[in-house]
Peer 1: 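The structure follows.
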Amino acid sequence: MTEFLRDLRFGLRLLVRSPAFTATAALLLAIGISANTLIFSVVDALLLRALPVARPEELVRLVEVHPTNFLTWDLPYGLYETLAARGSSLSEALCQGDADVGLREGGSTERVRVNLVSSNFFSSLGVSAQLGRVLTPEDERAEVTGAVLSHNFWRRRFQGDPAILGRTLTLNGRPFVVIGVLPRQFNGLTVDTSPDVRVPVTAHRWLVDPLEDAVVQADVRLLRVQIFGRLRPGITLERADAENEPLLRSTYEDLLARESPKLDAGARKVVMLNTRFRLEPAARGVSALRQQFSRGLVVLMAGVGLLLVMACANVAGLLLARSAVRREEMGIRRALGATSWRLARQLLTESLLVAALGGFAGMLLSYACLPLLVAALPPIRDRAAVVQPLAAHIHIDIRALGFAIAATLLTAVLSGLPPALRGARADLATALRGGRTTTKRLAGGGLVVVAQIAICTLLVAGAVLLVETLDRMRSINPGFDRDHIVTFTIDPRMRGYKPDRSRLLSSELLEKTHSLPSVDAASIAGLALMRGTGVKGTFGAAGTPIGRNDFLNTSLNFVTPGYFETMGMRLVAGRDFTWSDENKQTPRKVIVNQTLARRFFPGEYAIGRRLGGIGPNGIAKPDSEIIGVVSDARYRSLREEIQPTVYSPVVNGFESGFILHLRTHQQPEAIIAPVRDALRSLDPELPFVEVRTLRQEVETSLWQEKLLAALSSIFGAIAALLAAIGLYGALDFAV
């Protein structure tokens, strides 16, 4: 130990006397270690870390598997009751359902996300409150309904007020009493999003969509929830699926008959034949970013790993050059009796000091850059296209710290071993005579430089490809005018509007905004474009069989007349919608895109043809008549292939949420204030949920490509710098 401390002191003195070398080596290692620590922190948070709940390894989630392996997980509450009462392979079941409601306070209203949770939700997960208490079974029967706030919502909306307990929140016009605040690390069973408020599932009758009230209030078993459970010890997923499938199918068939009484028995039979239930592991929770970004994270992890190897090789080259300068010193120490192991240990100690400095600087750099990386991640949209704030807990915890320490030790060995071995094998006579290094001895260093340039070429080429991919994605014609359209998302349910009042609001708002002098065209749609999600249905040409591979083969949208003019889409055949086209006509009048016309009616004239959804024996019904064909347009994102699309008319106003589309000849941002005034004149307390230009929507839809291109470009530039430094180090060693 004494000799080791002496080596440390000697090494520190040498590093202090060579500040340029010390700073360069430490900075190189800091960049490599910081990049690895940052990406590992994201990988750990999204891909590796288990949920912060009791016994996460037991958790499973129930999903419905449709043809083409499409998964859904919003399932009837009745299935949860079946699993809770009769699921022998599960020790317990729990559920959570989502509702977007209006929080009214003072003269303002804002939309918040509420989770309707089962009575055993918190007790099953082993979670207690940071303030107050969590929900219990007694809260389902209480006269005043309790509510538990998430930590982020408590900090954001109420500034972390410790006196929040006992305060009344008005959700959808109904009072709820705050009984607790949850810990910061707890997002529930999701990783990257978190609801604002959690209430008992019995509160559904006040919070669910008013359009569903008649059905759901009559039978709570039809409420849509996500269902989770805990596997009993020794039970495999395959065995649990085999035991639960008959129970679930029987219950689901009964619920389907109650939910869709107009669906004939033949169609229900087809649905049941094409559906099965499956349990999947949920120890790491549910994550939208994991699904979208997992491949990109693996690529980035490999890239920063190569970056660290390059940094180690560069530092090794610098240490080799430094050891060449100190050859006479090593010769003298050998002459005084130092062994090869003693010299190697001294050089390894010095490399360990350099690595320690680099590791410390890398951790500081990681803490400084982590907020920038988290800020680059976008808000997340769920399948209903509702924006959810990012709540992923990406931080440098003990796992990331352990990874950084391991990377530092590995760096010390990789960068210190070559000079230590060379110094230990140094020839005494040659060193004392001041002999030169031969070309043969430079071969190893040359190979290292060649390897660095090869890695650099790989990283730079990857960065160029990703940047080119982003550029090509941006140059794709989306099929609509992205530069002159602003979208305004309105949800009248936030103010408790009934369908009649909501229809009146949408009609009046369209009329008011269309008359604005800066507006060239206006329309309303039920769904917005470029938000990564939408509504799909299963369609076919009337009278043709619909197979398993046709499941959810068509995108849907509901629009007012003038929508295609507003969006800059061309009508290529037939006619546009008019205000006399009732959306409840039989057959219903629809407009389809070119892709649908080509796929359903190849080589034929589509105008006047019929199409529809699945009917008895799997035959498409003649529900809809095509009156027009419109040019193709991208729906969910630029990366998605254009899908068959059916547009249905809405002429009497929208009964719930809708998106107002306005086309202008001015800068799109210039019309936002006048439109806000128009809405305020109709309802001063109803806000816009979102206001976005289509240019913003397109750019946001490319966030994954943009982030990968930016990070890979940064890493490629660093790799080029490291390769240049490595080449300099090799030449310096040669000289």
Side-chain angles (χ1 to χ4, degrees), residues 8-9 11-46 48-49 184-185 297 300-319 322 348-377 390 392-416 459 707 710-726 729:
L8 282 178
R9 287 195 296 269
L12 284 173
R13 287 201 301 270
L14 289 178
L15 293 180
V16 170
R17 287 165 56 185
S18 305
F21 164 80
T22 304
T24 302
L27 182 59
L28 290 175
L29 296 179
I31 292 173
I33 291 172
S34 173
N36 276 268
T37 303
L38 285 172
I39 301 302
F40 177 80
S41 297
V42 179
V43 169
D44 180 49
L46 299 182
L48 304 178
R49 190 187 305 159
R184 186 177 68 87
Q185 298 294 333
L297 283 176
L300 285 177
M301 197 70 200
V304 295
L306 293 174
L307 203 64
L308 182 59
V309 171
M310 290 187 65
C312 293
N314 272 291
V315 174
L318 293 176
L319 288 171
R322 184 177 171 82
L348 279 173
T349 302
E350 293 176 17
S351 69
L352 180 62
L353 285 172
V354 172
L357 287 174
F360 179 72
M363 289 301 296
L364 294 180
L365 190 60
S366 299
Y367 277 107
C369 295
L370 186 60
L372 301 178
L373 180 60
V374 174
L377 298 174
L390 181 67
H393 301 294
I394 302 175
H395 53 268
I396 300 174
D397 59 5
I398 190 65
R399 295 164 66 108
L401 185 60
F403 178 86
I405 293 173
T408 301
L409 294 176
L410 180 64
T411 298
V413 174
L414 292 179
S415 60
L459 293 177
L707 183 59
L711 291 177
S712 62
S713 298
I714 293 171
F715 295 151
I718 294 173
L721 176 62
L722 290 179
I725 294 173

Peer 1: List the residues meeting side-chain contact (heavy atoms from CB on, under 4.5 Å) with Leu48, not counting sequence neighbours, and say none if there are none.
Peer 2: Phe40, Val43, Asp44, Arg399

Peer 1: Roughly how far apart are Phe360 CZ and Leu29 CG, rounded to 0.5 Å?
Peer 2: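 Answer for the CZ-CG pair, Phe360 versus Leu29, is 14.5 Å.
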
Peer 1: If you look only at pairs with a residue in residues 362-373, which of them pass as a side chain to side chain donor-acceptor pair (under 3.5 Å), with sequence neighbours excluded?
Peer 2: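 Passing the test, one end in residues 362-373: Ser34-Ser366.
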
Peer 1: Just jot down the side-chain hydrogen bond (donor to acceptor under 3.5 Å, both in side chains) partners of His393, sequence neighbours excluded, or say none.
Peer 2: Asn187

Peer 1: Quick one: side-chain contact (heavy atoms from CB on, under 4.5 Å) partners of Ala392, sequence neighbours excluded?
Peer 2: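 Scan of Ala392 (side-chain contact (heavy atoms from CB on, under 4.5 Å), adjacent residues dropped) gives Leu46, Asp192, Leu390, Ile394.
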
Peer 1: Which atoms form the tightest heavy-atom contact between Arg49 and Ser41, and what is the distance?
Peer 2: NH2-O, 4.5 Å

Peer 1: So, for Ala26 and Leu357, which heavy atoms are closest and what is the spacing to 0.1 Å?
Peer 2: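 Minimum heavy-atom contact is CB-CB, 4.2 Å.
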
Peer 1: Considering non-hydrogen atoms only, spot the tightest contact between His395 and Leu370 and give its length.
Peer 2: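 Result for this residue pair: CA-CD2, 3.6 Å.
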
Peer 1: Quick one: does Leu373's side chain get under 4.5 Å of Cys369's, heavy atoms only?
Peer 2: no

Peer 1: Identify the two heavy atoms, one from Ile39 and one from Leu297, that lie closest to each other, and give their separation to 0.1 Å.
Peer 2: CG2-O, 4.4 Å

Peer 1: Mind checking the CG-CG spacing from Asn36 to Leu300? Nearest 0.5 Å is all I need.
Peer 2: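 Asn36 CG to Leu300 CG: 11.0 Å, rounded to 0.5 Å.
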
Peer 1: Using the side chain to side chain donor-acceptor pair (under 3.5 Å) rule, collect all pairs that involve residues 712-721, keeping only residues at least two apart or in two chains.
Peer 2: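 Side chain to side chain donor-acceptor pair (under 3.5 Å) check on residues 712-721 returns no pairs.
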
Peer 1: What distance do Ile31 atom CD1 and Ile714 atom CD1 have between them, rounded to the nearest 0.5 Å?
Peer 2: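 Taking CD1 in Ile31 and CD1 in Ile714, the distance rounds to 11.5 Å.
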
Peer 1: Between atom CG of Leu27 and atom CG of Leu365, what is the distance when rounded to the nearest 0.5 Å?
Peer 2: 8.5 Å

Peer 1: Would you list the pairs meeting salt bridge (Lys or Arg N to Asp or Glu O under 4.0 Å) in which at least one residue belongs to residues 29-41, sequence neighbours left out?
Peer 2: none

